[in-house]
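The structure appears below as C-alpha cells.
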Amino acid sequence: MKRNLLAAVCGLFGCYVSAQSGISGELKTEYIPFSSYIRPEDSTKTNSKSNFKRADLNLSIPLSMKKDSNGRIKAWSLLLSGSYAKMTHKDYERQLFPDQMFNAQVGIQHMRPLGKKWSMMMTAAVGVYTDLEQISSDDILGQGGILFIRHFNPNLALGGGPVLTTAFGVPMILPWIYFDWKTNGKIKFNINFPEGMEAGYLFSDKFALKAVVNLSGMTVERNKDGKSMLLGYQQITAGIRPELKLNDKLSLRLTGGTALLRSFSENDRKIKSIFKDKKIADPKFASTFYAAISLRWNLP
C-alpha cells in the first residue's frame, strides 16, 4: 500500500471487539526528539531538523446495549476523538511543514452477533483535519468501515472488511484486517491493520509486557496557490510496552522504542494523483528515539 494512504485511516479505528458497559477512553501523549530532515531530491541527510509531540484523546460512550437469547451483545456507541500535534523546525531555508496539526472526529459504532460464530462491527465518522491556519468546509472529511469477525473459539478470532475514506476527495476503499489469538496461559498476539500489531506476555493480573509495532498518522487540508491540497503525515514506531493495571477501571501504558519512519506526502484531491508514481520520493526524517505514555479507563 502507498505510504501516503496511511494517514487517511490510521488512528481512527481502535478495534474494540468486546462491548463496554460504561464510558471507555484513552489519553495518550507521544514524543519524538529532533531528527535530521532527509532531502527527497537526493536522499541526503541535512542539518535541518524537526521534532514531533502529539496528544490524543479517544472516548467510546455506550448509547444502547442488549443481549440476545444466547447472551451475546448488540450495542451502539458514540465515538469521539481528537489529536493535536506540535512540531518545531530548525535550520530550514524555508518552511516546508506545518507547525501544528489538528484532527477531530465524531462517529457511531455498532456491534452485533451474526449467528453463533460470527460478529460484525461497523463504524462511521466525520471530522475536521486542519493545520489551524485557516479552517473551512474543505477541512471536513468522512470515513467509515465494516469488519466481519469469525470467532473460532474463545481464544482465536479473525476478521476482515473494507474501510471507506473520503479524505482524498473521492471515496476510496482500503482493507481492514483483525486477528486476535491468546493461549490459555500468558501469551497474547493481536493484529489490527492499519493500526498495528502487538505480542505480549502476562506476568500477572496487574502487569504485562508487550512488543509493539504501530502505524499512525494525521491528515491536514491546506490551501496552496488557491487549490485545496491534502498533506499526510505518517509514522511507524516499534518498541517495548509495559502495561500496569492500576485498578479495575484504570491502566497505564509506557512505550519506549524507535521511530522507524516519519514522512510527509502531499496530494491534490484527485484519485489519479494518489496512485501516480512520483518522480521524487516523499520527504522524511532519520530514525530516532520514540516514547509514549497513555492512560486507559473503563467506567462502570
Side-chain angles (χ1 to χ4, degrees), residues 1-12 28 30-56 83-103 129-133 141 143 163 165 167-169 172 174-175 193-197 212-222 224 229-239 255 257-271 273-292:
M1 185 177 68
K2 298 271 187 179
R3 284 183 301 174
N4 57 2
L5 299 183
L6 290 176
V9 291
C10 287
L12 177 60
K28 179 180 180 181
E30 297 176 282
Y31 175 68
I32 299 176
F34 284 99
S35 64
S36 297
Y37 165 62
I38 298 176
R39 192 166 53 210
E41 292 87 347
D42 50 13
S43 299
T44 298
K45 185 184 292 188
T46 69
N47 293 324
S48 305
K49 296 181 178 182
S50 298
N51 67 359
F52 181 79
K53 293 169 283 186
R54 176 167 59 182
D56 296 317
S83 298
Y84 172 76
K86 176 71 175 177
M87 297 185 72
T88 303
H89 311 290
K90 293 182 178 180
D91 300 326
Y92 288 84
E93 294 181 0
R94 59 186 179 90
Q95 183 165 341
L96 299 176
F97 311 113
D99 295 325
Q100 302 177 89
M101 294 182 286
F102 178 71
N103 293 175
Y129 302 79
T130 177
D131 58 5
L132 296 175
E133 291 187 6
L141 307 170
Q143 303 194 65
V163 174
T165 174
F168 300 102
M172 283 202 69
L174 302 174
F193 179 84
E195 185 177 282
M197 61 182 179
V212 298
V213 176
N214 286 112
L215 293 75
S216 64
M218 299 185 73
T219 298
V220 297
E221 188 275 339
R222 301 201 298 178
K224 187 175 181 180
M229 304 288 290
L230 288 172
L231 182 71
Y233 168 79
Q234 304 90 30
Q235 69 179 34
I236 300 176
T237 60
T255 306
T258 302
L260 300 173
L261 170 70
R262 289 196 298 147
S263 66
F264 278 95
S265 60
E266 188 174 58
N267 291 285
D268 59 29
R269 303 177 70 157
K270 296 179 180 179
I271 193 168
S273 299
I274 301 166
F275 296 101
K276 183 172 62 178
D277 290 333
K278 295 184 177 180
K279 297 180 180 180
I280 299 177
D282 291 330
K284 59 183 180 180
F285 302 90
S287 299
T288 187
F289 175 73
Y290 169 83

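Computation of the quantities below employed the complete heavy-atom set of this structure, encompassing side-chain atoms and omitting hydrogens, waters and symmetry-equivalent molecules. Note that this is a predicted model, so its numbers are computed, not measured.
The closest donor-acceptor contact from the side chain of Asn214 to the backbone of Thr237 lies at 3.5 Å or more, if one exists at all. With Thr130 contributing its side chain and Phe102 its backbone, the two residues share no donor-acceptor pair below 3.5 Å. No donor-acceptor distance shorter than 3.5 angstrom exists from the side chain of Asp91 to the backbone of Lys49, with no hydrogens or angles considered. Listed for the Arg262 side chain is no donor-acceptor partner under 3.5 Å among the backbone atoms of Ile32. At distances below 3.5 Å, not a single donor-acceptor pair connects side-chain atoms of Ser83 with backbone N or O atoms of Asn103. Here the side chain of Gln143 pairs no donor or acceptor atom with the backbone of Leu141 at under 3.5 angstrom.
Separating the OH atom in Tyr290 from the CG atom in Leu260 is a distance of 11.0 Å, to the nearest 0.5 Å. Of the inter-residue distances, the one linking Leu215 atom CG with Gln234 atom CD reads 10.0 Å to the nearest 0.5 angstrom.
Counting heavy-atom neighbours within 6.0 Å of Met87 CE, excluding the residue itself, gives a total above 12. Crowding of Gln95 atom CD: a count of heavy atoms from other residues, nucleotides or ligands under 6.0 Å exceeding 12. Applying the 6.0 Å contact sphere to NZ of Lys86 captures more than 12 heavy atoms from other residues, nucleotides or ligands. Applying the 6.0 Å contact sphere to CD of Glu133 captures no more than 12 heavy atoms from other residues, nucleotides or ligands. Under a cut-off of 6.0 angstrom, the local environment of CG in Asp42 is crowded, with over 12 non-hydrogen atoms contributed by other residues, nucleotides or ligands.
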Determine, stepwise, if the pair Tyr129 / Met218 fulfils side-chain contact (heavy atoms from CB on, under 4.5 Å).
CA-CA 8 Å; Tyr129 302 79; Met218 299 185 73; over 6 Å; no
For Thr88 and Phe34, run side-chain contact (heavy atoms from CB on, under 4.5 Å): C-alpha distance rounded to whole Å, both residues' side-chain angles, the deciding distance at 0.1 Å, then the answer.
CA-CA 8 Å; Thr88 303; Phe34 284 99; 3.9 Å; yes
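Between Phe285 and Phe97, the ring centre distance stays below 6.0 Å.
Residues Asp282 and Lys284 are not paired through a salt bridge, judged by the lack of any N-O separation under 4.0 Å between the basic side chain and the carboxylate.
Contact of the Val212 side chain with the Thr255 side chain is registered, since non-hydrogen atoms from C-beta on lie closer than 4.5 Å.
Ser216 and Arg54 share a donor-acceptor pair across their side chains, judged by distance under 3.5 Å alone.
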